[in-house]
Structure formats: structure tokens, C-alpha cells
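Since the structure comes first, as C-alpha cells, the remarks are kept for the end.
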Amino acid sequence: MVVARCWQQWITEGRVYRRGGSGRPRNTNDREDRAIRRVATSAPTTSLASIQRHLPSSRHPVPSRETIRRRLTEVGLRSRRPLRRLPLTPHHRQCRLDFADLGQLGV
């Protein structure tokens, strides 16, 4: 029966894959998706929470952070959180200690 249905669909429509549209509907529309992309590209170091705050407040409920992450992933973007400070390597730490020692010596 499945083969017959696929063959009939091939004859009438020229395709054998399933139609889209099944499943849960999206909870954001195209306008909100564009707003999410605009905020993420204008400031690349924004977090998901700040993107969520910058969305238009006319939408209730506001899309969750997970939804925003999914929408960014669909277009090949991601939110990048800014570093608080650069991590130091052991070499940097040693240089910092040497510099502090020179300051104590009065050099």
C-alpha cells in the first residue's frame, strides 16, 4: 500500500517526499525572527538574555532563550557572551609576578 501511495504521488505531483506542516507550530513569526537576527548581528557579543530583552514587547509571551538559540542556529548564528577577562597562561602569571617584584624593589 505504501509503494502504491508513493507511486501515485509521483505520478500526480512529481515527488515522493512527505509534505511539510505537520508537527507543532512555530511560536515565533518571521518578523520576530528578523528582530532576533538583527539584534544578534548588530552586537555580536550579546547574550541570549539581552536579545530577549531587546525584542518588541508587543509579543506575549516573550520567546524563551532556547527558542532564540534555535532561531539563531537555523541561520548559522549564535550568541557570544563577552569575556569578563582574558584567562592567563602560566607564562603571563609569571610575568605579572616578576613585574610586581620589580615594583617592590623600587626599580
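Among residues two or more places apart in sequence or in another chain, the side-chain hydrogen bond (donor to acceptor under 3.5 Å, both in side chains) test is passed with T41 by none. Residues forming a salt bridge (Lys or Arg N to Asp or Glu O under 4.0 Å) with R71 (at least two apart in sequence, or on another chain): D33, E74.
From R69, atom CZ reaches atom OG of S64 across 9.0 Å, with rounding to the nearest 0.5 Å. Atoms OG and CD1, from S42 and I51 in turn, are 8.5 Å apart once rounded to the nearest 0.5 Å. Interatomic distance, CZ of R37 versus CZ of R34, reported as 7.5 Å (0.5 Å rounding).
Closest of all the heavy-atom pairs between T46 and A40 is OG1-CA, 4.4 Å. The shortest non-hydrogen separation linking I68 to P63 is CD1-O, 4.0 Å. Q52 and V62 get closest at one heavy-atom pair: CG-CG1, 3.6 Å. Minimum heavy-atom separation, E32 to L55: O-CD2, 4.4 Å. Scanning all heavy atoms of the two residues, the minimum distance from V39 to H54 falls at CG2-CB, 4.0 Å.
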